[in-house]
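Each remark here refers to the structure printed beneath this line.
By convention here, the first residue in the shown sequence is residue 1.
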Amino acid sequence: MMYNIVNTIVKYLIPITNFLLALFAFYFTFSKFRNEKANITLRYTNIIRETLVDRESDSLPDVYWQDKYRLIVPIVITNNSSKPISIYSFFINNTYEFNMYTKVGGDYTTTTKTNISKSKGITHISNSPVNQTKDFLDHKNTLIPVFTLDAYGSRAGVLMFHYDSSLRKDNKLIVKTSRKDFTFDIGIEKWITSVIQTDYERPQLD
């Protein structure tokens, strides 16, 4: 009688044990796959604004004299994977690129109200207040690719895009990486246009 009971227990215990072992193995395999899967998140840390910046020369605020607008995008980018990931470049709408070759200027000033006016070739200065928006970009606070995010690591910084036609529609920020491309919505919340008038004229292309 006892022998039959033991045989019955063993008969059912072995398949149950094997099933539980297989279940645990699947769980750990799936967890490892999920943790190693390419996964980044991106958070905007301030208002995203498009500016038609002051322009005084070919090099102020940067060398892209042919483009009117600058988009300043402050972000925190986080790697949610247990494997490192390298960031190669950023795109707006797969058209405008921020990469290792982008030349960032230092002082991006946009004057929205000025006390300087010109009339018949004469410059007039009044006592009225001056309103300006300033962004200072350098290699310390810009996220210039290529850079690598360690496992579960983060980087904070600023992206800068330049273009000649204002972005008024829904836009996408594409991040190209060593493992896959990621796409995020990007909402422009403010548009600022410079009112400053200088003697600078954009060079004409041949």
Side-chain angles (χ1 to χ4, degrees), residues 40-78 85-114 116 130-147 149 155-178 180-206:
I40 65 171
T41 53
L42 190 142
R43 178 170 60 89
Y44 303 108
T45 59
N46 207 337
I47 291 175
I48 299 171
R49 59 176 181 263
E50 178 189 86
T51 60
L52 198 162
V53 291
D54 298 350
R55 169 65 73 186
E56 298 178 8
S57 70
D58 289 0
S59 58
L60 289 175
D62 54 41
V63 300
Y64 304 109
W65 51 264
Q66 75 277 11
D67 293 329
K68 296 179 182 178
Y69 297 96
R70 302 295 178 271
L71 189 67
I72 309 297
V73 185
I75 65 168
V76 173
I77 185 169
T78 301
I85 189 168
S86 293
I87 309 300
Y88 291 155
S89 61
F90 299 88
F91 278 84
I92 295 291
N93 302 333
N94 252 340
T95 303
Y96 309 113
E97 185 177 10
F98 181 74
N99 60 27
M100 63 187 298
Y101 302 108
T102 302
K103 297 182 184 297
V104 177
D107 182 353
Y108 290 80
T109 299
T110 307
T111 302
T112 55
K113 185 177 181 181
T114 180
I116 300 175
V130 175
N131 292 337
Q132 292 181 324
T133 298
K134 287 182 175 288
D135 291 290
F136 298 96
L137 303 186
D138 57 31
H139 284 267
K140 294 180 181 179
N141 65 0
T142 50
L143 282 177
I144 297 179
V146 174
F147 60 89
L149 295 172
R155 289 278 298 272
V158 178
L159 314 178
M160 188 280 294
F161 299 91
H162 54 93
Y163 44 87
D164 203 42
S165 298
S166 180
L167 299 176
R168 296 281 174 167
K169 59 181 180 179
D170 294 333
N171 299 286
K172 302 292 184 181
L173 176 63
I174 297 96
V175 184
K176 294 189 176 293
T177 80
S178 57
K180 63 177 289 187
D181 294 350
F182 296 87
T183 300
F184 303 93
D185 292 328
I186 178 170
I188 302 174
E189 302 173 62
K190 199 170 184 179
W191 289 263
I192 305 173
T193 300
S194 173
V195 297
I196 201 77
Q197 292 186 7
T198 69
D199 295 327
Y200 173 76
E201 295 183 3
R202 292 167 61 185
Q204 300 298 313
L205 295 175
D206 293 334

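Counting only distance, with no hydrogens or angles, the side chain of Arg43 and the backbone of Ile75 share no donor-acceptor pair below 3.5 Å. No donor-acceptor pair under 3.5 Å is formed between the side chain of Ser89 and the backbone N or O of Asn99. Looking at Glu50, its side chain does come within 3.5 Å of a backbone N or O of Leu167 through a donor-acceptor pair. Using modelled atom types, one side-chain atom of Ser194 and one backbone atom of Ile196 make a donor-acceptor pair closer than 3.5 Å. Proximity of a side-chain donor or acceptor of Thr51 to a complementary backbone N or O of Val53 within less than 3.5 Å is not detected. For the pair Asp54 (side chain) and Thr111 (backbone), a donor-acceptor distance under 3.5 Å is present. With hydrogens and angles ignored, the 3.5 Å screen pairs no side-chain donor or acceptor of Asp181 with any backbone N or O of Lys176. With hydrogens and angles disregarded, a donor-acceptor distance shorter than 3.5 Å links the side chain of Tyr64 to the backbone of Lys103. A side-chain donor-acceptor contact under 3.5 Å links Thr95 to the backbone of Asn93. Counting only distance, with no hydrogens or angles, the side chain of Asp62 and the backbone of Thr102 share no donor-acceptor pair below 3.5 Å.
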task = Mind running side-chain contact (heavy atoms from CB on, under 4.5 Å) on Tyr44 and Leu173 for me, showing each step along the way?
result = CA-CA 11 Å; Tyr44 303 108; Leu173 176 63; 3.8 Å; yes
ask   = Under the side-chain contact (heavy atoms from CB on, under 4.5 Å) criterion, do Phe98 and Leu71 qualify, and how do the steps go?
value = CA-CA 11 Å; Phe98 181 74; Leu71 189 67; over 6 Å; no
request  = Please lay out, stage by stage, how Leu149 and Thr78 fare under the test side-chain contact (heavy atoms from CB on, under 4.5 Å).
outcome  = CA-CA 8 Å; Leu149 295 172; Thr78 301; over 6 Å; no
request  = Mind running side-chain contact (heavy atoms from CB on, under 4.5 Å) on Asp170 and Asp185 for me, showing each step along the way?
outcome  = CA-CA 8 Å; Asp170 294 333; Asp185 292 328; over 6 Å; no
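In this structure, CZ on Phe90 lies 10.0 Å from OG1 on Thr177, to the nearest 0.5 angstrom. In this structure, CD1 on Ile186 lies 9.5 Å from CD1 on Ile174, to the nearest 0.5 angstrom. In this structure, CD1 in Ile92 is found 4.0 Å from CZ in Phe161, a value given to the nearest 0.5 Å. Distance check: Phe184 CZ to Asn171 CG gives 15.5 Å after rounding to the nearest 0.5 Å. Separation of atoms CD1 (Ile192) and OG1 (Thr133) is listed at 3.5 Å; rounding is to 0.5 Å. Between atom CG of residue Leu52 and atom NZ of residue Lys68 there is a gap of 6.5 Å, rounded to the nearest 0.5 Å.
The two residues Tyr88 and Val146 have their closest heavy-atom pair at CD2-CG1, 3.9 Å. Of all heavy-atom pairs between Pro74 and Ile48, the closest is CD-CG1, 4.5 Å. Counting all heavy atoms, side chain and backbone alike, Lys134 lies closest to Asp107 at NZ-OD2, 3.8 Å. Counting all heavy atoms, side chain and backbone alike, Lys190 lies closest to Ile47 at CB-CG2, 4.3 Å. Closest non-hydrogen pair, Ile72 versus Met160, comes out as CD1-CG, 3.8 Å. The minimum heavy-atom distance linking Ser166 with Tyr69 is given by the pair N-CE1, 3.6 Å.
A 4.5 Å side-chain heavy-atom check between Pro61 and Arg55 finds at least one atom pair inside the cut-off. Two residues are said to be in side-chain contact when any heavy atoms from C-beta on lie closer than 4.5 Å; Ile87 and Phe182 fail this criterion.
Salt bridge Asp135/Arg70: absent, no basic N to carboxylate O contact under 4.0 Å.
By the ring pair (Phe, Tyr, Trp, His ring centres under 6.0 Å) test, Tyr96 pairs with Tyr163, sequence neighbours left out.
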